[in-house]
Amino acid sequence: MAHVNLNYQAYAAFNRDEIIAKMSKHLKQSRLDHCLRVEQTALELAQENDADVTVAGLAGLVHDYAKQRDVDEFTALIKQDHLDPELLKYGRAIWHGYVGYLMIQRELGINDNRILRAVKYHTIGAPVMDVYAQIVYMADYIEPERDFSGVDEARAITHHNLWDGVVYQNAQTMKRLVNNQQAIYPAAIVAYNVIAAGQK
């Protein structure tokens with residue numbers, strides 16, 4: 001799918017080329033390339049699920065906008081905006097989505113709640129995930145350069161049924177965190193309980 005006809009400026013203060021230029025100031029080339037692949041995958045998933053391709057594509061493109069910001073910048077934002085102080089016990093793996101969506105709103109002029117929620121929840125999921133949150137959650141997980149055990153199964157499940165992909169990824173991610181004895185941000189546990197309970 002060509003990107004040139006996507007009117008991202010309908011949902012942002014900048015057009016696609018301008019957004020990519022801004023992203024390149026904050027991201028290494030490898031991370032920017034990942035964002036472009038997630039954008040493409042999000043576009044494909046949007047088409048498969050009758051969702052708005054512009055909303056999905058923009059959310060996929062900017063999902064990691066804050067990924068490589070300084071720790072000090074995140075901690076200042078958490079304190080300044082009176083976010084959950086529990087967040088300070090975690091790191092950029094959680095912050096870049098759960099906090100970083102505020103940077104996207106303020107620096108890129110994106111105020112569409114579908115896009116902001118998709119960025120906010122793309123790493124930990126949420127008890128309620130609309131189609132755009134599901135698309136970005138899965139596009140980030142299955143973009144073409146992802147190469148981990150189970151990714152082909154994840155791709156097959158997701159392209160067959162988007163929600164089943166969400167359930168699969170959520171379970172796999174929780175297993176990995178537990179097996180690695182990593183702390184799990186409480187909101188991710190809440191999301192897991194709802195997502196798992198929704199399984200048939």
Side-chain angles (χ1 to χ4, degrees), residues 8 10-12 35 38-39 41-67 74 77-78 81-87 89-106 108 110-143 154-155 157-178 182-200:
Y8 286 165
Y11 299 102
C35 289
V38 172
E39 176 193 28
T41 306
L43 293 171
E44 294 167 4
L45 291 175
Q47 285 190 319
E48 292 173 7
N49 291 280
D50 297 322
D52 186 312
V53 292
T54 303
V55 172
L58 179 54
L61 176 63
V62 302
H63 79 287
D64 271 353
Y65 177 75
K67 180 86 175 185
F74 278 114
L77 192 58
I78 291 168
D81 282 53
H82 306 290
L83 303 181
D84 177 10
E86 183 78 10
L87 281 164
K89 299 177 183 175
Y90 294 82
R92 279 187 289 197
I94 297 296
W95 296 340
H96 78 281
Y98 213 74
V99 179
Y101 81 97
L102 292 171
M103 297 180 189
I104 292 156
Q105 184 177 34
R106 293 166 187 177
L108 299 179
I110 295 174
N111 292 300
D112 187 284
N113 282 329
R114 297 168 296 182
I115 298 170
L116 296 176
R117 283 195 300 264
V119 172
K120 181 176 181 179
Y121 300 133
H122 82 269
T123 53
I124 67 171
V128 177
M129 297 174 71
D130 68 11
V131 68
Y132 301 100
Q134 294 178 44
I135 285 172
V136 176
Y137 186 72
M138 293 314 303
D140 185 31
Y141 194 64
I142 66 169
E143 60 97 334
R155 290 184 180 119
I157 292 170
T158 303
H159 287 297
H160 179 71
N161 183 292
L162 179 62
W163 178 250
D164 286 349
V166 171
V167 173
Y168 178 86
Q169 180 194 166
N170 194 256
Q172 296 303 311
T173 300
M174 296 300 280
K175 286 178 189 174
R176 177 176 53 79
L177 292 171
V178 170
Q182 289 180 261
I184 301 172
Y185 182 58
I189 297 174
V190 173
Y192 169 77
N193 285 337
V194 175
I195 291 169
Q199 291 190 76
K200 296 179 181 176

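The shown structure was predicted, so the numbers you read here are calculated from the model rather than taken from an experiment.
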Requested in this report: Using a 4.5 Å cut-off on heavy atoms from C-beta on, say whether the side chain of Pro127 contacts that of Tyr192.
Outcome: no
Report task. Can you run down the salt bridge (charged side-chain N to carboxylate O under 4.0 Å, His left out) pairs that involve residues 89-101, sequence neighbours left out, and say none if there aren't any? Result -> Glu86-Lys89
Query raised in the report: Is any side-chain heavy atom of Val119 closer than 4.5 Å to a side-chain heavy atom of Tyr65?
Result: no
Report summary line: Tyr168 meets the side-chain hydrogen bond (donor to acceptor under 3.5 Å, both in side chains) criterion, sequence neighbours left out, with Glu153
Query raised in the report: With under 30° as parallel and over 60° as perpendicular, where do the rings of Phe74 and Trp95 fit, or are they tilted in between?
Result: tilted
Query raised in the report: Just wondering, do Gln182 and Arg176 contact through their side chains at under 4.5 Å, heavy atoms?
Result: yes
Requested in this report: For residues Ala191 and Gly125, report the shortest heavy-atom separation together with the two atoms involved.
Outcome: CB-C, 3.7 Å
Query - Check: Glu143 main-chain N/O paired with Arg155 side-chain donor or acceptor under 3.5 Å - result: yes
Query raised in the report: Please walk me through it: do Tyr8 and Leu61 pass side chain to side chain contact (heavy atoms under 4.5 Å, CB included)?
Result: CA-CA 10 Å; Tyr8 286 165; Leu61 176 63; 3.9 Å; yes
Query raised in the report: Side-chain contact, heavy-atom cut-off 4.5 Å: Ile104 with His63?
Result: no
**Report entry** Heavy-atom closest pair, residues Ala42 and Gly60
**Finding:** CB-CA, 4.3 Å
Query - Audit row: Ile184, Val178, side chain to side chain contact (heavy atoms under 4.5 Å, CB included) steps and yes/no - result: CA-CA 8 Å; Ile184 301 172; Val178 170; 4.1 Å; yes
Query raised in the report: Which residues satisfy the side chain to side chain contact (heavy atoms under 4.5 Å, CB included) test with Ala46, sequence neighbours excluded?
Result: Ala51, Val53, Ala56, Ile135
Query raised in the report: If every non-hydrogen atom of Ile124 is compared with every non-hydrogen atom of Tyr185, which pair is closest and at what distance?
Result: CD1-CD2, 4.1 Å
Query raised in the report: Any side-chain donor paired with an acceptor under 3.5 Å for Gln134 and Tyr121?
Result: no
Query raised in the report: Are the side chains of Leu77 and Met103 in touch, meaning some heavy atoms are under 4.5 Å apart?
Result: yes
Requested in this report: For residues Lys120 and Val99, determine if any side-chain heavy atom of one lies less than 4.5 Å from a side-chain heavy atom of the other.
Outcome: no
Requested in this report: Please determine if Arg117 and Asp130 form a salt bridge, counting it only when a charged side-chain N lies under 4.0 Å from a carboxylate O.
Outcome: yes
Requested in this report: For Tyr132 and Asn113, test the side chains for any donor-to-acceptor distance below 3.5 angstrom and give the result as yes or no.
Outcome: no
Query - Identified side chain to side chain contact (heavy atoms under 4.5 Å, CB included) partner of Gln105 from the options Leu116, Ile115, Ile110, Asp112 - result: Leu116
Query - Non-hydrogen atoms of Asp164 and Asn161 that approach each other most closely - result: N-OD1, 2.9 Å
Report summary line: Closest non-hydrogen contact found for Ala154 with Ile142 is CB-CG2, 3.9 Å
Query - Residue pair Gln169, Ile157: steps toward the side chain to side chain contact (heavy atoms under 4.5 Å, CB included) verdict - result: CA-CA 10 Å; Gln169 180 194 166; Ile157 292 170; over 6 Å; no
Requested in this report: Mind running side chain to side chain contact (heavy atoms under 4.5 Å, CB included) on Val55 and Tyr11 for me, showing each step along the way?
Outcome: CA-CA 8 Å; Val55 172; Tyr11 299 102; 3.6 Å; yes
Query raised in the report: Can we call the ring centroids of His96 and His122 under 6.0 Å apart?
Result: yes
Query raised in the report: Going by atom types only, do Asn170 and Tyr137 share a side-chain donor-acceptor pair under 3.5 Å?
Result: yes
Report task. Identify the heavy atoms of Thr123 and Ile94 that sit nearest to each other, and give their distance. Result -> OG1-O, 4.4 Å
Query raised in the report: Is a side-chain donor or acceptor of Asp140 paired with a backbone partner of Val136 at a separation under 3.5 angstrom?
Result: no
